[in-house]
Amino acid sequence: MKEPMKSVLNTDAYDRRRFGQLMEMSDKLKKIGKEGKSIFPLIQPLMSDLWAGLFKMKPDLLDEVPEELGMNRQLMERVMTDQGYLDFREFTRLDDLAAAIGTTKYSETVLRWVKEQAKQDQDLAEALQHLIQGDQGASQQATDALSAALNQNGSLLSQMLAQAADEAIETKENVRSILGGIQAGSGDSELKKVPLKEQLFLAEKLSHNKNLKEIAKWAGRMKVIANRKQRSKHKDAIDRNGIRQGSDIEQLLPMELGSYASPISKLDFLRRYAEGQTLQNDTKGKEHLGKGPIILCLDQSGSMKGQDTVSKGFALALMSIARKQRRDFAWIPFSSHASDAIIYERGKIEVQDMIQLATVFLDGGTNFAQPLNKASQVIKQSRFNQADVIFVTDGEAHVNNDFLKVWSSLKEQKGFSVLSLLLGKESIHGVDGFSDRIVRASSFEDQSIQQAFDI
């Protein structure tokens, strides 16, 4: 015998199957469905309807439902007539990730509201208990008690759902900040390249991990800056030593503008301009660096603790440049010792790698020789020729001359370049011996840090 449909909406087999797939993907949804039964026995059908209400193009309440679904229908009617829900649907409609996150937040919120009402309302508490025990007539009793609670405190539920919607939107944006590229508008297209199960896993971590939330926000800001720097580099860079023929008005040489202004040479200028023979600046910008791999040596000594989240947002922005330009990326965190390099081919980072990056902080003192040694090992791999090394620190440490000689020899052989970002007020003496360029900055929020995104 076919199991009766436990939905109060116009859902179909596809809708119910799709939500079942999402439940399998999401540990959080499974947990809510399992633990929520002790508060609200029909929580799983309600979760399925909450998802359908957020995801479907045109969700509608059924006119008649079985008595046992009376509470679910009342809750869905209250949710779907709320203006906050209607606004939220603009964000979640036909969006798997947004609707799944919204379902998680809405389900948690409804359960919390029901639990709070049951503490204050003896009739509702008893009705729910009878429903859990499966007593005869309990469904109608619980529906009546819930109706009274909604009439009295439904506005509180609306407020709580509005906050849940805001949290869901923030979580989706944070996922996009972390997994998206640096190019404006590329967030959703980049998300589609990541399996939905991994997106959900990251979203669940973002909901409860304060550090990861901060990293996501900084990554978003840093990527905006990186995109602007990269666009400016390719669009506006001009090699003033180069001259070519063409018909680009903005790049015409002053002498050609003079020819146009003179009645004697104006006709000759117009002829040459029409034929693309006027002299102008060559707008092919200098490519100082070889578009090789990027190696980030990132200080994680105790003094960098306060800048941990922003430094990782900075790392993700660099990684996005690597991904866009299909360059390998190596990350070497260091303090008094250095971790082995973690290499992300073409800048692609998996969600599990992201969680690891967010949670690791070495602490301790400062040692420059160890991360440079680790970087040397990476550079010696043939694929790491012409690497761009970014060395970030707020400290000072001694590097002996013997190592610096080996470093210089390797640099000549492999053609790599080193940019050191020196935060704070430490002397440049520690980084001077192995750096090609040194940029001083008070913190990662200093505008001079943006020079790193010129790579």
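Excluded from the calculations below are hydrogen atoms, water molecules and symmetry mates; all remaining heavy atoms, backbone and side chain alike, are included.
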**Student:** For Gln140 and Asp144, which I'm curious about, is there any donor-acceptor pair between the side chains at under 3.5 Å?
**Tutor:** yes
**Student:** With a 3.5 Å cut-off and no angle check, do the side chains of Arg346 and Gln325 form a donor-acceptor pair?
**Tutor:** no
**Student:** Do Glu167 and Gln163 get their side chains close enough for a donor-acceptor pair, meaning under 3.5 Å?
**Tutor:** yes
**Student:** Under 6.0 Å from the NZ atom of Lys205, do we count more than 12 heavy atoms belonging to anything else shown?
**Tutor:** no
**Student:** Distance from Phe416 atom CZ to Leu410 atom CG, nearest 0.5 Å?
**Tutor:** 4.5 Å
**Student:** Would the number of heavy atoms belonging to other residues, nucleotides or ligands and lying under 6.0 Å from CD of Gln133 be above 12?
**Tutor:** yes
**Student:** Start with the C-alpha distance between Arg383 and Gln381, add both sets of side-chain angles, then the distance that settles side chain to side chain donor-acceptor pair (under 3.5 Å), and finish with yes or no.
**Tutor:** CA-CA 6 Å; Arg383 63 188 296 162; Gln381 300 177 30; 5.3 Å; no
**Student:** Return yes if a side-chain donor-acceptor contact under 3.5 Å exists between Glu126 and Gln122, otherwise no.
**Tutor:** yes
**Student:** Are a donor atom and an acceptor atom from the side chains of Asn373 and Gln377 found within less than 3.5 Å of each other?
**Tutor:** no
**Student:** Taking NZ in Lys197 as the centre, count heavy atoms belonging to other residues, nucleotides or ligands within less than 6.0 Å. Is the count above 12?
**Tutor:** no
**Student:** Tell me if a side-chain donor or acceptor on Ser435 pairs with a main-chain N or O of Ile438 at a distance below 3.5 Å.
**Tutor:** no
**Student:** Assess, by modelled atom type and distance only, whether the side chains of Asp49 and Ser7 contain a donor and an acceptor separated by less than 3.5 Å.
**Tutor:** yes
**Student:** Could you tell me if the ring centre of Phe391 sits under 6.0 Å from that of Phe334?
**Tutor:** yes
**Student:** Does a side chain donor of either Asp363 or Gln300 reach within less than 3.5 Å of an acceptor in the other side chain?
**Tutor:** no
**Student:** Verify whether one side chain among Asp82 and Ser158 offers a donor that lies under 3.5 Å from an acceptor in the other.
**Tutor:** yes
**Student:** Are the aromatic ring centres of Tyr106 and Phe88 under 6.0 angstrom apart?
**Tutor:** yes
**Student:** Quick check: Phe19 with Tyr14 (ring centres under 6.0 Å apart)?
**Tutor:** no
